[in-house]
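Below: one structure, written as structure tokens.
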Amino acid sequence: MRTVAVVGTSLAGLRSAQELRARGFDGRLVMIGAEPPYDRPPLSKDFLLGKVSIEDLALAEQAGLDDLAAEWHLGVRAERLTGDGVTLGDGTTIAADGYVIATGAVARTLGAAGNLKGVHTLRTLDDAVALKRDLATGPAAVVVIGAGFIGAEVASACRLLGHDVTVIEAMPVPLASVVGPEMGAVCGGLHAENGARLLTGVPVAGFAGTGRVTGVRLADGREIAADLVVAGVGARPATEWLTGSGLAVDDGVLVDSGCVTANPRVIAVGDVARYRCRLRGGRLRAEHWTAANEQPGVAVANLLAGATVTHFARHGYFWSDQYGRRLQFAGVATEDVRIVEGDVTAKRFVAAYYRDGALTGVFAIDSPRPFTRLRRSL
């Protein structure tokens, strides 16, 4: 293998490049991305709060990037992948012997918002800069649509900045699909305890305002006043550019348990990869920092081997910082959940999930040491 093209320069793409060099690949390495490498998790937390700058978000020092000896194509998107190579938005076509697909995901938008000003999503650095600028204009009535981790983190940041916050969640219990309904209710309680209003079980029907948003209309007829809206309604994998590539795509690039597509010369990692999960059965897209950080080690080994010789078999792990508290989760949530340490009322505890007596998952708030200890038992 003489040339490898990495499409996507965020965490999964950068880690793939580093793995290639660490495993002895000394050929031509081409990095293609619309944005330079930067860390996304702080965007909804410390960046909005002004605790970190744009410079602090860099995933690697310039010297580390230089050590990759890569050919960089930044500020340009991949438009298609064919047998001739990757064609970029500027018309350049790059042929390679191996390809790493690490294009991540893009934020889902609310079409009903049209072109109203004051309606934001939060996925990229540009999104965060625009939201931060809008929040700096003064105290505002902020409506956050979606009580998932991004929505909850944004709501937390906005409250800490002194804004009035309402969080709207279409599901009856926030985060129930991730941590289960019992722990989801505990997470939802953090909003009220910190002065934010949480409305659940009601979808958004539309928006009010001419030119700029003034309110959010709910399906039950209510209208919530809003000076600013943040839509945290999930993300979709960035796979449009793969139409006609011959790769199987269904809510992500379909890969095996080693992150390899049906073509062993093409691997996919990070948010864009829907991999065969042997721990859970079926396929899974793991939209978490840890997956994007760990999958490249497996995927690159398989790319260089020309076949799937190793598998990604880590239990999912993620964390979230909300209202000054650290939430951590690993594994799989099941109906049998037990508090094994601490106090739920005080929001300092560890919960364990079981199936047929076997530990399947761990959730904790502000209990990092016991969480880590129990996580090792998964």
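When a residue number appears, it is its place in the shown sequence, counting from 1.
At distances below 3.5 Å, not a single donor-acceptor pair connects side-chain atoms of Asn302 with backbone N or O atoms of Ala299. No donor-acceptor pair closer than 3.5 Å links the side chain of Ser257 to the backbone N or O of His311. Panel note: side chain Glu169, backbone Ala147; a donor-acceptor pair is recorded below 3.5 Å. Between the side chain of Ser367 and the backbone N or O of Phe349, at least one donor-acceptor pair lies under 3.5 Å.
Every pair tested for ring-ring contact (aromatic ring centres under 6.0 Å, His included) that includes a residue from residues 78-120 fails, sequence neighbours excluded, so the list is empty. Pairs passing the side chain to side chain donor-acceptor pair (under 3.5 Å) check and including a residue from residues 193-207, sequence neighbours excluded, read Glu193-Lys347. Residue pairs that meet the side chain to side chain donor-acceptor pair (under 3.5 Å) test with at least one member in residues 61-70, sequence neighbours left out, are Gln62-Asp66.
Taking every heavy atom of both residues into account, Arg212 and Lys117 meet most closely at CG-O, 3.3 Å. Nearest heavy-atom pair, Arg21 versus Leu29, reported as atom, atom and distance to 0.1 Å: NH2-CB, 3.5 Å.
The side chain to side chain contact (heavy atoms under 4.5 Å, CB included) with Leu81 is formed by just one residue from the set Val86, Thr87, Thr243; it is Val86. When each of Asp164, Val216, Val167 is paired with Val143, the side chain to side chain contact (heavy atoms under 4.5 Å, CB included) condition holds for Val216 and for no other.
A heavy-atom distance below 4.5 Å is found between the side chains of Leu304 and Leu20. Within the 4.5 Å cutoff, side-chain heavy atoms of Gln328 are placed close to those of Tyr317. Counting only heavy atoms from C-beta outward, the side chains of Val106 and Thr121 never approach each other to under 4.5 Å. Side-chain contact between Val204 and Val233 is absent, with no heavy atoms from C-beta onward closer than 4.5 Å. Annotation: side chain of Tyr38 is in contact with side chain of Leu43 (closest heavy-atom distance under 4.5 Å). Using a 4.5 Å heavy-atom threshold, the side chains of Asp251 and Pro237 count as touching. Side-chain contact between Ile101 and Val7: absent, with no pair of heavy atoms (C-beta onward) separated by less than 4.5 Å. Between Leu303 and Val260, every side-chain heavy-atom pair lies at or beyond the 4.5 Å cut-off.
A cation-pi arrangement is present between Arg338 and Tyr354, with the terminal nitrogen or guanidinium carbon under 6.0 Å from the aromatic centre and inside a 45° cone about the axis.
Under the ring pair (Phe, Tyr, Trp, His ring centres under 6.0 Å) criterion, Phe318 pairs with Phe149, His288, Phe329, sequence neighbours left out. Taking Arg355 as the reference, Val332, Thr334, Thr360 meet the side-chain contact (heavy atoms from CB on, under 4.5 Å) condition, with sequence neighbours excluded. With sequence neighbours excluded, the residues that form a salt bridge (Lys or Arg N to Asp or Glu O under 4.0 Å) with Arg326 are Asp321.
Within 6.0 Å of atom CG in Asp26, 12 or fewer heavy atoms from other residues, nucleotides or ligands are found, so the atom counts as exposed in its surroundings.
In the model, Asn293 has no side-chain atom that pairs as donor or acceptor with a side-chain atom of Thr290 under 3.5 Å. Looking at Arg15 and Gln18, their side chains do bring a donor and an acceptor atom within 3.5 Å of each other. Inspection of the Thr308 and Asp256 side chains reveals an N or O donor paired with an N or O acceptor under 3.5 Å. The closest side-chain donor-acceptor pair between Asn263 and Thr261, if any, does not fall under 3.5 angstrom.
To the nearest 0.5 Å, atoms CG (Asp90) and CD (Glu79) are separated by 9.0 Å. For the atom pair Ile365 CD1 and Ser320 OG, the distance stands at 10.0 Å (nearest 0.5 Å).
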Do Asp271 and Arg123 pass the salt bridge (charged side-chain N to carboxylate O under 4.0 Å, His left out) test, and can you show the C-alpha distance, the side-chain angles, and the key distance before you say yes or no? CA-CA 12 Å; Asp271 293 357; Arg123 182 75 186 182; 2.5 Å; yes

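Ion pair Arg77/Glu240 not flagged as a salt bridge, since none of the NZ, NE, NH1 or NH2 atoms sits closer than 4.0 Å to an Asp/Glu carboxylate oxygen. Look at Asp366 and Arg325 and you find a salt bridge, because one of the NZ, NE, NH1 or NH2 atoms lies within 4.0 Å of a carboxylate O, short of that distance.
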